[in-house]
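Notes to accompany the following structure.
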Amino acid sequence: MRVVSQKVAAWIARLGWVWVDGQVAQISRRPGASTVFLTLRDPSADLSLTVTTNRDVLDAGAPELREGARVVLHAKPEFYAARGTLSLRADEIRQVGLGELLARLEKLKKLLAAEGLFDRARKRRPPFLPGRIGLITGRASAAERDVLTNARRRWPAVEFRTVNVAVQGPGAVPQILDALKVLDADPTIDVIIIARGGGSIEDLLPFSDEALCRAVFACGTPVVSAIGHETDAPLIDYVADVRASTPTDAAKRIVPDLTEEVRLIGQARSRLERAVRNLVDRESHRLDLLRSRPVLARPQVMVDQRAVEVSALRDRTDRCLDHRLGAATDDLRHTLARLRALSPAATLDRGYAIVQRADGHVVRAAAEVAKGDPLRVRLADGELAATVDG
């Protein structure tokens, strides 16, 4: 183990001097001591290193250094084989000024915009009435009070799951990332609000952290940014699905106003009632117009008209039938008269007779019979038997 530690120490010693950027989490100045100990923390990760430097180096480069400040230092990594710890020994320390911070933020803003993290097309609309809201904010802060009070005033039944975190300082980013991960994994949370009151650019610096911006972009739940005041614009504002100017504005954007919704429902009901009433009146008027037509006002008129037509047709049918029957009777009478005129019975009535031989053949000439042939003579009334004499 000792050999491994020595080899690690030797390898780290060959790294030489490096420039390191970080946030001061702790400063330890011992009275009378020439050495100052710093704890340097990565704002985007749960990682820290101990930095040792001379008091003169600190006073020359950052005499007013406070915990939470951003620094850039020139240091040499050192590995203590006996304890197995890594530290930095700095010979130059520079506190990052406001101008440099703003320049870095602008550079990061352009980078995130180029990657599409600010694209409006990917921003999601929060639900009209979220069932449960996740809130990430400072403990007992004005921002927490503003969000909860205004949201419950607008919609008393709204539910919150609040996660209190540090909203400034070296521990803010890791805590916010953890809270965001927890709330995003909760299936009951419909929208997440990240809220903080106003402050200086340095105070709001955690909300421009690259890791936090990427975490908000990757979040599956819609995120509302409510950081500072109207003029404050940390980078998380550009990544979030909704940007609220203040925590109070976030409550107004996420939760509908019950009084206003009741008023709108009343207006909608009034419009619906008027529309239905107008429809009923219009249809009633149409029915009145239909009922005023003669065919509906006096429906018997149509029946009377049809009755007259039926009577006329029946009279016409009777006349036509009588005419045809009369004509047929006359035809039958004429035919009967002709039949009677041509009938043999009529000839017999006029005194004629029909002479037939025994076989029934009608004798039309004397040559058709011989002497002694029996004959049958038919008269109009009865018949006679005769014999041919000659």
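Just so it is clear, the model here is predicted, and its values are computed rather than measured.
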Start with the C-alpha gap between I236 and S208, add the side-chain angles, then the distance that decides, and say whether side-chain contact (heavy atoms from CB on, under 4.5 Å) holds.
CA-CA 6 Å; I236 192 178; S208 294; over 6 Å; no
So, using side chain to side chain donor-acceptor pair (under 3.5 Å) as the criterion, who are the partners of Q305 when residues are at least two apart?
none
Linked, directly or transitively: F160 and V163 (ILVMFWY side chains, under 4.5 Å):
no
Ignoring hydrogens and geometry beyond distance, is a side-chain donor-acceptor pair present between Q168 and R196 at under 3.5 Å?
yes
Decide whether F217 and V173 are clustered together by the hydrophobic rule: side chain heavy atoms of Ile, Leu, Val, Met, Phe, Trp, Tyr closer than 4.5 Å, transitively.
yes
For residues 160-186, the salt bridge (Lys or Arg N to Asp or Glu O under 4.0 Å) pairs (sequence neighbours left out) are R132-D186, R161-D186
Check: residues 315-332 side-chain donor-acceptor pairs under 3.5 Å, at least two apart:
{"residue": "T317", "atom": "OG1", "partner": "L313", "partner atom": "O", "Å": "2.7"}
{"residue": "T329", "atom": "OG1", "partner": "L325", "partner atom": "O", "Å": "2.7"}
{"residue": "D330", "atom": "OD1", "partner": "R333", "partner atom": "NH1", "Å": "2.8"}

Residues pairing under side chain to side chain donor-acceptor pair (under 3.5 Å) where one sits in residues 147-159, two or more places apart or in two chains, turn out to be N150-R153
For residues 113-121, which side-chain donor-acceptor pairs fall under 3.5 Å, sequence neighbours excluded?
{"residue": "E115", "atom": "OE1", "partner": "R214", "partner atom": "NH1", "Å": "2.7"}
{"residue": "E115", "atom": "OE1", "partner": "R214", "partner atom": "NH2", "Å": "3.0"}
{"residue": "E115", "atom": "OE2", "partner": "R214", "partner atom": "NH2", "Å": "3.1"}
{"residue": "D119", "atom": "OD1", "partner": "A121", "partner atom": "N", "Å": "3.1"}

Charged N-O contact under 4.0 Å between K76 and E78:
no
Treat each ILVMFWY residue as a node, draw an edge where side-chain heavy atoms are under 4.5 Å apart, and state whether V223 and V147 are in one component.
no
Under 30°, 30 to 60°, or over 60°: which ring-plane class applies to W17 and H74, parallel, tilted or perpendicular?
parallel
Scan for ring-ring contact (aromatic ring centres under 6.0 Å, His included) pairs involving residues 180-208, sequence neighbours excluded, and state none if there are none.
none
With side-chain contact (heavy atoms from CB on, under 4.5 Å) as the test, would you mind laying out the steps for S225 and I194 before giving the verdict?
CA-CA 5 Å; S225 173; I194 302 177; 5.7 Å; no
Between R243 and D237, does at least one N-O distance fall below 4.0 Å, as a salt bridge requires?
yes
Could you tell me the separation between the CZ atom of R277 and the CG atom of L272, rounded to the nearest 0.5 Å?
10.0 Å
Heavy-atom count check: over 12 atoms from other residues, nucleotides or ligands less than 6.0 Å from R29 CZ?
yes
Quick check: are there more than 12 heavy atoms from other residues, nucleotides or ligands sitting under 6.0 Å from CG of D288?
yes
Does D249 come within less than 4.0 Å of R253, counting only side-chain N to carboxylate O?
yes
